[in-house]
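Single-structure report; data block below.
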Amino acid sequence: MKITISKFAGFCQGAKRAYDISINSAKKNNKNLYILGDLLHNKHVSDKIKSLGIKKIESTNKIKKGSIIISAHGVSKSIIQEAEKKALNIINTTCPKVIKVQQIVKKYYLDNIFIFIFGDKNHKEVRGINGWCDNNATIISDIKEIKNIDFSKIKNAVIVSQTTQELKKFLQIVKFLRKKIKNLKIFNTICDATKNRQEEAKKISAENDAIIVIGGKKSANSKKLFKIAKENNKNVFFVNSASEINLKNFSDFKKIGITAGASTPDCIIKNVCKKLKTLKTL
């Protein structure tokens with residue numbers, strides 16, 4: 001059996017940065033150390049965070065003092081302000097590329113420009129970005145949604161994207177908006193790592209007998225990798241860890257491709273490969 005691992009599989013720079021900062025913070029002092037939601041959408045990462053004594057909370061209302069970790073996805077301006085008002089020590093692990101999107105919407109909102117965000121309205125990153133324009137952005141996840149918008153009063157607009165979205169869909173929406181809005185500023189804020197990961201997923205899914213996508217079930221970018229792989233290969237398996245691998249499903253395959261979401265630790269990818277390699281001994 002030949003196993004091919006995508007060169008873009010696993011932690012992106014933003015995820016690794018957030019993970020390292022959080023781990024090092026806990027090792028220095030985990031007393032009154034909290035994290036707002038999940039650091040990354042990955043169970044193994046969440047379990048590691050918990051094991052180090054970092055307490056998960058859903059609101060700053062739950063703490064009176066101490067340090068709070070802001071996840072890689074970022075949060076709204078109001079949450080940062082609440083933490084500052086309480087004199088909490090803020091450990092901000094927001095991905096720098098997400099911060100860039102936050103600053104774009106903040107700037108154009110102050111200039112009274114109409115704002116579009118391409119992304120999943122329920123995703124943590126998108127909610128955070130929208131919070132930097134006082135939740136006044138119009139969020140669109142599909143071209144079908146913008147066909148119902150009244151464009152008669154929109155003369156100037158800006159569009160940004162959730163960093164883990166598909167470039168193809170973003171460009172489709174931009175093309176449509178250009179026909180409707182005279183002055184449209186376009187910011188392609190999709191992360192290069194996301195684009196490379198998705199292109200590689202398309203490539204290896206076409207070149208192998210089966211594909212394994214490793215990632216958390218809540219991970220938006222992992223689910224998109226699964227979708228892309230399914231478009232090119234009927235034998236696609238979405239797993240969170242090696243424990244979910246049923247070796248019987250792979251016994252007839254000679255070439256297996258592996259990719260993984262941006263929040264998947266390298267050790268999980270290695271464990272999946274290790275388990276697959278035991279097939280030759282069966």
Side-chain angles (χ1 to χ4, degrees), residues 12-15 17-18 36-37 41 59-60 70-85 90 92-198 220-221 223-224 262:
C12 63
Q13 287 184 345
R17 173 181 174 273
L36 199 56
H41 288 148
S59 168
T60 54
I70 305 299
S71 80
H73 308 99
V75 293
S76 67
K77 179 176 64 176
S78 62
I79 290 176
I80 297 291
Q81 291 172 335
E82 287 169 13
E84 289 174 340
K85 194 178 292 185
I90 301 172
N92 195 345
T93 76
T94 304
C95 173
K97 293 184 179 179
V98 175
I99 292 175
K100 177 184 175 182
V101 191
Q102 294 173 346
Q103 294 306 307
I104 291 171
V105 301
K106 177 185 176 183
K107 176 188 183 300
Y108 285 95
Y109 176 63
L110 292 174
D111 290 340
N112 202 31
I113 304 294
F114 195 94
I115 297 169
F116 290 101
I117 300 173
F118 169 51
D120 177 0
K121 65 181 179 181
N122 296 315
H123 194 277
K124 193 174 179 181
E125 178 188 327
V126 174
R127 294 199 307 269
I129 293 167
N130 197 18
W132 286 85
C133 57
D134 291 339
N135 299 310
N136 280 295
T138 294
I139 301 168
I140 43 180
S141 61
D142 193 274
I143 197 163
K144 295 175 185 177
E145 297 175 9
I146 53 177
K147 293 182 178 178
N148 298 320
I149 295 172
D150 180 7
F151 290 95
S152 61
K153 295 181 180 178
I154 305 175
K155 305 301 179 186
N156 300 284
V158 61
I159 180 169
V160 298
S161 176
Q162 179 182 345
T163 59
T164 54
Q165 283 292 330
E166 289 181 61
L167 179 61
K168 181 181 176 182
K169 290 180 72 175
F170 177 73
L171 295 177
Q172 287 175 341
I173 289 169
V174 165
K175 184 178 179 180
F176 183 91
L177 290 178
R178 273 179 167 157
K179 295 176 182 177
K180 297 289 184 178
I181 302 169
K182 186 177 180 180
N183 298 308
L184 177 68
K185 289 188 179 294
I186 302 153
F187 291 92
N188 176 8
T189 52
I190 297 173
C191 175
D192 286 342
T194 296
K195 181 171 75 71
N196 292 337
R197 193 186 306 270
Q198 291 175 355
N221 74 91
K223 287 189 283 188
K224 282 184 178 61

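The two residues Ile154 and Ala157 have their closest heavy-atom pair at CG2-CB, 4.0 Å. When all heavy atoms of Gln165 and Gly119 are compared, the pair lying nearest together is NE2-CA, 3.6 Å. The two residues Ala72 and Ala18 make their nearest non-hydrogen contact at CB-CB, 3.7 Å. Among all heavy-atom pairs drawn from Leu36 and Ser59, the shortest one is CD1-N, 3.6 Å. Across all their heavy atoms, Ile140 and Ile149 have their closest contact at CG2-CD1, 4.4 Å. Taking all atoms of both residues into account, the shortest heavy-atom contact from Thr93 to Ile70 is OG1-O, 2.6 Å.
Evaluation of the side chain to side chain donor-acceptor pair (under 3.5 Å) rule for Asn183 yields Asn156 as partners, not counting sequence neighbours. Residues satisfying the salt bridge (charged side-chain N to carboxylate O under 4.0 Å, His left out) test with Lys195, not counting sequence neighbours, are Glu199. Checked against ring-ring contact (aromatic ring centres under 6.0 Å, His included), Phe187 has the following partners two or more places apart in sequence or in another chain: Tyr108. With sequence neighbours excluded, the residues satisfying side chain to side chain donor-acceptor pair (under 3.5 Å) with Ser78 are Ser76. By the side chain to side chain contact (heavy atoms under 4.5 Å, CB included) test, Asp142 pairs with Lys144, Glu145, Lys169, sequence neighbours left out. In this structure, Asn112 has no side chain to side chain contact (heavy atoms under 4.5 Å, CB included) partners at least two apart in sequence or on a different chain. Under the side chain to side chain contact (heavy atoms under 4.5 Å, CB included) criterion, Ala137 pairs with Ile115, Ile117, Asn130, Cys133, sequence neighbours left out. Lys97 meets the side chain to side chain donor-acceptor pair (under 3.5 Å) test with no other residue; sequence neighbours excluded. Not counting sequence neighbours, Tyr109 has no partner by the ring-ring contact (aromatic ring centres under 6.0 Å, His included) test. Remark: Asn188 engages Leu167, Phe170, Ile190 in a side chain to side chain contact (heavy atoms under 4.5 Å, CB included) (not counting sequence neighbours).
Listed by first then second residue, pairs satisfying salt bridge (Lys or Arg N to Asp or Glu O under 4.0 Å) with a partner in residues 100-123 read Lys107-Asp111, not counting sequence neighbours. Judged as a salt bridge (Lys or Arg N to Asp or Glu O under 4.0 Å), not a single pair has a partner in residues 173-187 (not counting sequence neighbours).
From Leu171, atom CG reaches atom OG of Ser161 across 9.5 Å, with rounding to the nearest 0.5 Å. Taking CD1 from Ile159 and OG1 from Thr138, the interatomic distance works out to 10.5 Å, rounded to the nearest 0.5 Å. Expressed to the nearest 0.5 Å, how far OG1 of Thr189 lies from CD1 of Ile104 amounts to 6.0 Å. With rounding to the nearest 0.5 Å, the separation of CD in Gln102 from CD1 in Ile80 is 8.0 Å. Atom OG1 of residue Thr94 and atom CD1 of residue Ile129 lie 10.5 Å apart, to the nearest 0.5 angstrom. Here the straight-line distance linking atom NE2 of His123 with atom CD of Glu125 works out to 6.0 Å at 0.5 Å rounding.
Taking 4.5 Å as the limit, some side-chain heavy atom of Leu177 sits within range of a side-chain heavy atom of Phe151. In this structure, the side chains of His41 and His73 come closer than 4.5 Å at one or more pairs of heavy atoms. Between Lys77 and Asp134 the shortest side-chain heavy-atom distance falls below 4.5 Å.
Less than 6.0 angstrom separates the ring centroid of Phe116 from the ring centroid of Phe114.
Side chain of Arg127 to main chain of Asn122: a donor-acceptor pair is present (N/O by atom type, distance under 3.5 Å, no hydrogens or angles).
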